Amino acid sequence: MTTASPQIPDPHDSLEVRLTKLLTQAVSAVAPDAAMPVVLERARQAQHGDYATPVALQLAKTLRRAPRDVAHDVMTALPASPWIEKVEMAGPGFINIFITAAARHSIISDILRMGSTFGSSSRGQGQRIQVEFVSSNPTGPLHVGHGRGAAFGASVANLLVKVGFSVHREYYVNDAGRQMDILTVSTWLRALQHAGLTQGPFPPNGYQGDYVTLMAVSALQRFSLDQFPMDPLTQFWAISGTMDEETQMDALIATAKSLLGPAYHQLHGFVLAVQLADCKADLEEFGVSFDEWFSEQSLFDSGAVAEVVSRLEAEGHIYLQNGARWFRSSAFGDEKDRVVQRDNGLFTYFASDIAYHVNKFDRGFDLVLDLWGADHHGYIPRVRAALRALGYDDQRLKVPLVQFVSLFRHGEKAQMSTRKGQFVTLRELRSEVGNDAARFFYVLRKSDQHLDFDLDLATSQSQDNPVYYIQYAHARIHRVLQRWNGDQSLLSHCTLEPLTHPAEIALMQSLRAYPSVVDQAAVDYAPHSVAFYLRDLAAEFHAYYNAVPFLDTEPVITAARLALLSAIAQLLKDGLSLLGVSAPETM
RNA sequence: GUGCCCGUAGCUCAAUUGGAUAGAGCACCAGCCUUCUAAGCUGGGGGUUACAGGUUCGAUCCCUGUCGGGCACGCCA
């Protein structure tokens with residue numbers, strides 16, 4: 001990834017940039033030849049000051065000098081600054097920096113002045129980045145696993161926008177495959193059953209959910225499916241007993257197509273439209289929206305799939321074997337070659353996926369993000385191989401993986417299967433725990449870690465859910481401000497000198513961390529760190545709330561403390577919005 | 001069997017990407033509402049970071065091996 005130049009600091013991190021510059025100046029005086037970037041860390045403990053740098057420890061080796069001696073020289077060479085109160089050496093050679101009260105207080109006025117733009121940056125420099133996520137087969141309702149991808153993807157997209165990328169959110173619709181045919185046939189069979197026109201058994205590998213029957217009922221009225229002669233179906237059941245399940249299903253699909261003729265395609269289109277509309281509505285209600293729903297079928301219709309295979313062939317990366325066309329992906333880092341066109345002439349899913357990625361790159365995105373389920377990780381090398389073979393820079397493709405969600409009910413792991421209709425849908429989850437709790441819970445873990453979703457806990461309406469803790473902090477602040485009933489615009493100008501309480505010092509320190517938390521979360525595609533930050537900030541606030549009075553004290557102190565509260569509320573609201581969680585003012 | 005990911009408090013998870021004494025939430029124990037919302041706060045017990053080596057000023061993080069878990073290895077999508 002191309003990173004923004006550090007020479008273009010944003011106003012909000014000017015303090016850290018200034019301190020880094022001063023340190024760099026001091027280091028170059030002590031060690032002119034050691035071209036080493038100065039690492040400035042926020043101190044974890046108050047006794048270590050506000051910032052710390054291990055630069056002396058790192059320099060010691062190349063200088064062949066004792067770390068503490070180097071630290072001493074760096075400290076001596078450090079220019080005076082209105083931002084630096086004092087500098088101390090500690091431990092093996094750490095340099096701890098204590099900032100002045102003025103530097104400390106500036107964070108509050110910065111936040112109040114910048115409002116929702118605080119924490120933004122120009123890191124992305126307006127680069128266009130495509131984020132593809134969810135992309136579930138439109139063969140049934142979204143389940144709780146898709147929900148994680150949705151919540152994660154939406155939050156990542158928000159973060160990328162926040163740090164200055166131009167983000168395009170996209171859903172890849174797998175509307176061209178065999179699974180759609182199976183759903184179509186399943187719907188057809190349910191319609192026949194509903195109309196009492198068949199006694200045949202329902203195939204075990206068909207889609208069994210109740211939603212299929214619901215679609216069948218409306219399809220029955222819509223397409224008059226009962227007008228087709230049924231004899232061939234009865235014949236089919238008579239001869240299909242010896243087939244294995246998959247062969248039987250393929251035969252069933254073929255039977256349906258020949259029997260229904262043009263009506264099959266109508267039914268197929270209907271089933272797809274119903275599922276997509278349902279999926280879209282579900283996601284919209286979840287606060288997840290897309291700029292584009294990209295159809296896989298369109299890649300076949302436009303000839304893009306055939307074209308991309310031809311391109312590979314023209315480059316000499318395709319060979320014939322056993323009647324199939326193979327892409328020599330092993331020449332580009334994959335562990336073995338892959339079929340792109342089967343011996344029956346049909347292109348594989350891989351072929352259309354190559355065409356899709358070529359399409360993405362040809363649309364001119366600087367960066368392409370595929371948020372995939374972790375079960376697809378073995379698939380990544382072949383996609384990269386295809387891109388490289390076609391002359392694209394596959395470093396512009398990033399594939400963050402989202403691990404599975406394991407559901408636990410009554411302390412036992414619940415199995416999920418879309419086919420068998422045994423799953424908890426995202427809708428059920430949302431209605432039981434609420435959108436806010438679901439969104440927050442989903443991103444509370446690193447995306448590449450398994451998520452154990454305890455349904456009993458999540459559906460118990462209990463207060464254990466951490467999202468309430470943060471929202472409550474936000475609501476409490478607004479209650480205080482409401483009680484105060486003063487002119488909030490005055491808070492950004494009031495004197496902050498009274499803020500000397502240890503809790504206040506710590507809170508200002510935490511507020512200052514926000515931009516780098518957001519920045520790092522965006523770079524790492526790690527919204528969970530925002531969630532943890534918010535929980536920690538809320539905890540600090542709640543403790544503060546119980547420690548000092550806000551309204552029943554001197555007006556100057558009240559104003560200063562309310563300015564601090566106002567800044568906290570702003571960041572709580574901003575952080576929650578990045579995660580797609582509301583920030584209510586009353587609870 | 002091969003490849004990728006993972007293993008941290010009783011449970012679920014963090015840890016500023018190699019920094020100082022590894023931190024939270026549940027759960028457990030003891031306290032705090034006549035006062036700005038108790039969906040809150042304060043205090044307490046809890047750890048050989050799976051194990052064994054290695055790299056260096058310094059390792060939960062990097063390297064090697066072992067054990068254990070997950071996922072993927074199709075002319076499915």
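Since the structure is predicted, the reported quantities are computational estimates derived from the model, not experimental observations. Note on naming: letters A, B, ... go to the chains in the order of the sequence lines (proteins, then strands), and numbering restarts at 1 for each one. All values below come from the heavy atoms of this structure, side chains included, with hydrogens, waters and symmetry mates left out.
Base pairing analysis places B:U2 opposite B:A72; the two distances defining the Watson-Crick or G-U wobble pair are each below 3.5 Å. Across all strands shown, B:C26 forms a Watson-Crick or G-U wobble pair, both distances under 3.5 Å, with B:G10. Of the nucleotides present, none pairs with B:G18 by Watson-Crick or G-U wobble criteria with both distances under 3.5 Å.
A:Arg338 has no side-chain polar atom (N or O) that falls below the 4.0 Å cut-off from OP1 or OP2 of B:G74. Side-chain nitrogen and oxygen atoms of A:Arg561 include none within less than 4.0 Å of the OP1 or OP2 phosphate oxygen of B:C36. Remark: A:Lys446 is in phosphate contact with B:A15, judged by side-chain N or O atoms under 4.0 Å from OP1 or OP2. The side chain of A:Arg342 contributes an N or O atom lying less than 4.0 Å from OP1 or OP2 of B:C76.
The distance from atom CG of A:Asp175 to atom OG1 of A:Thr139, rounded to the nearest 0.5 Å, is 12.0 Å.
Taking atom CG of residue A:Asn205 and atom C1' of nucleotide B:A77, one finds them 14 Å apart after rounding to whole Å. Atom CG in A:Asp448 sits roughly 14 Å away from atom C1' in B:C61 (whole-Å rounding). When the P atom of B:C36 is taken as reference, atom OH of A:Tyr545 falls 7 Å away, rounded to whole Å. In this structure, A:Trp372 places its CH2 atom 13 Å from C1' of B:A72, rounding to the nearest Å. With rounding to whole Å, A:Gln449 atom CD is found 12 Å from B:U12 atom P. Atom NE2 of A:His528 and atom C1' of B:U12 are 14 Å apart (whole Å). Rounded to whole Å, the distance from NE2 on A:His377 to P on B:G3 is 12 Å. Separating the CG atom of A:Leu537 from the P atom of B:G23 is a distance of 20 Å, rounded to the nearest angstrom.
Taking the side chain of A:Leu551 as heavy atoms from C-beta on, and the options B:C41, B:C36, B:C73, the nearest nucleotide is B:C36. Which of B:C57, B:A24, B:U37 sits closest to the side chain of A:Leu57 comes down to B:C57.
Place A:Phe550 and A:Gln58 on RNA chain B by their nearest nucleotides, and A:Gln58 ends up nearer the 5' end. Across the interface with RNA chain B, nearest-nucleotide mapping of A:Gln45 and A:Asn344 shows A:Gln45 to be the residue nearer the 5′ end.
Base contact: A:Asn96 has a heavy atom under 4.0 Å from a base atom. Looking at heavy-atom distances under 4.0 Å, A:Ala90 makes contact with a base.
In this structure, A:Asp181 contributes its side chain and A:Ile253 its backbone to no donor-acceptor pair below 3.5 Å.
In this structure, A:Phe94 forms no aromatic stack with the base of B:G19, since the conditions of centre separation below 5.5 Å and plane angle below 30° are not both met. You can call A:His48 stacked on the base of B:A20; the centres are under 5.5 Å apart and the planes sit within 30°.
Evaluation of atom-type donor-acceptor distances gives no pair under 3.5 Å for the side chain of A:Asp175 against the base of B:A77.
Annotated as anti: B:U35, whose glycosidic dihedral deviates from 0 by more than 90°.
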